[in-house]
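Numbering starts at 1 and runs along the sequence shown. One-based numbering, in listed order, for ligands and for the atoms of each.
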Amino acid sequence: MAKSLTVIVPCYNEEAVLHESYRRLSGVLAGLEGPSEIIFVNDGSTDATGSILAGLAAADRRVKVLSFSRNFGHQKAVTAGINHCTTDLAVIIDADLQDPPELIPDLVRTLEDNHAQGVYCVRKTRKGESRFKLWTAKIFYRFLNFFSEVRLPVDAGDFRLIDRSIIRVFNQMHEQGKYVRGLIAWTGFHQVPFYYEREARFAGETKYPLSKMVRLATTSMLYFSKKPLMIATALGFVSVAFALLYGLWAVLGHWLGFTHADAGWTSLVVLIVFFGGVQLLTIGIMGAYIGNLFDEMKRRPEYVIEEKLNF
Ligand code: UDP
Ligand code: MG
């Protein structure tokens, strides 16, 4: 029997693209064998996104809408979509049509041909994005993989197809700091890549300013690795070894007369700056983990839904 499918679309201030996204998505879904629906997650948009989605939901029963009470962020929007999905399969896709909806049938076919539980889309090329974004993204994925304790696919965003076995495990994860694509990889189910060309944004501008990119990068790093903590320890060892050697040199120099104690200003400044830096860095790394513990401990809901349509 043909499998049922949900398309999950996080939307933050996407008034410029939503009509076109819906048109192209519903065209693709009409061609699928099984039943399908779309869950738009309105992530606290401040433009006309909410009213456009309400209009789409009123005209089409298969359009479901979850509206957050404020902006909770892309990863929370995707999480809410997965949490509310009841079908066999789910596709996560951006609203801006950078990920072509026309690939969905190919993703389903790839999943079935490979007897896989997930298909993740790997960008061969990315059009219409700044050199800075391409460059930072490239470094980010390599860097994260080096640190991570789970193998994470490189150059793959959240555009992907997952089946019920992954959805079920995902719904058991209640951490606040969610790096969705990392958690999906973590489940360990058989997942295969699908290579595609990433288009330019259909309209509007990116909703991922540098601050959100940095937040995503830190979340993924801190939630998928304890290596930064080990690096802090390693730095401590290195600086202690260095200090011992330097101290020995200074004491011996004093006794044997090859250092000039009163000419030591430069070395003092260098030492203070160096050890001050090492200490602040390691305290900062620990602070980042403690901050996350603090957030996790409070067990607040991950997102707040203000309105549901067609559920
Ligand atoms: N998005 C969201 N909440 C946010 C930021 C972005 O739901 O706080 C959505 C956005 O509407 C889009 C997707 O996440 O559907 C990816 O955002 P965008 O296309 O702006 O990021 P980029 O492709 O530039 O990295
Ligand atoms: Mg985009």
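- Ring centroid separation for the pair F132 and W135 does not come in under the 6.0 Å cut-off.
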Please tabulate, one line per pair, the protein nitrogen or oxygen atoms found under 3.5 angstrom from a nitrogen or oxygen of ligand 1, with distances to 0.1 Å, or say none if there are no such pairs.
from: ligand 1; atom 1: 3 (N); to: D43; atom 2: OD2; distance (Å): 2.6
from: ligand 1; atom 1: 3 (N); to: H74; atom 2: N; distance (Å): 3.4
from: ligand 1; atom 1: 8 (O); to: D43; atom 2: OD2; distance (Å): 3.4
from: ligand 1; atom 1: 8 (O); to: N71; atom 2: ND2; distance (Å): 3.1
from: ligand 1; atom 1: 8 (O); to: K212; atom 2: NZ; distance (Å): 2.7
from: ligand 1; atom 1: 11 (O); to: Y12; atom 2: N; distance (Å): 2.8
from: ligand 1; atom 1: 11 (O); to: E14; atom 2: OE2; distance (Å): 2.5
from: ligand 1; atom 1: 15 (O); to: P10; atom 2: O; distance (Å): 2.7
from: ligand 1; atom 1: 15 (O); to: A95; atom 2: N; distance (Å): 2.9
from: ligand 1; atom 1: 19 (O); to: D96; atom 2: OD2; distance (Å): 2.6
from: ligand 1; atom 1: 19 (O); to: R201; atom 2: NH2; distance (Å): 3.1
from: ligand 1; atom 1: 20 (O); to: R201; atom 2: NH2; distance (Å): 3.0
from: ligand 1; atom 1: 20 (O); to: K207; atom 2: N; distance (Å): 2.5
from: ligand 1; atom 1: 23 (O); to: Q98; atom 2: OE1; distance (Å): 2.6
from: ligand 1; atom 1: 23 (O); to: R198; atom 2: NH2; distance (Å): 3.0
from: ligand 1; atom 1: 24 (O); to: K133; atom 2: NZ; distance (Å): 3.4
from: ligand 1; atom 1: 24 (O); to: T206; atom 2: OG1; distance (Å): 2.5
from: ligand 1; atom 1: 25 (O); to: K133; atom 2: NZ; distance (Å): 2.8

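- No close placement of the Y12 and H74 rings is indicated, their centers lying 6.0 Å or farther apart.
- Remark: the backbone N or O of P100 is not paired with any side-chain donor or acceptor of E199 at under 3.5 angstrom.
- Protein N/O/S atoms closer to the Mg ion (ligand 2) than 2.8 Å number 2 in this structure.
- Side-chain contact between F146 and L144: absent, with no pair of heavy atoms (C-beta onward) separated by less than 4.5 Å.
- Under the 3.5 Å distance criterion, the side-chain polar atoms of S36 are left unmatched by any main-chain donor or acceptor of L32.
- The shortest non-hydrogen separation linking L309 to A54 is CD1-CA, 3.8 Å.
- A pairwise comparison of heavy atoms in D99 and R198 identifies OD1-NH1, 2.6 Å as the closest pair.
- Other residues, nucleotides and ligands contribute at most 12 non-hydrogen atoms within 6.0 Å of the OH atom of Y195.
- Side-chain N or O atoms of E197 include none that pairs as donor or acceptor with a backbone N or O of R123 at under 3.5 Å.
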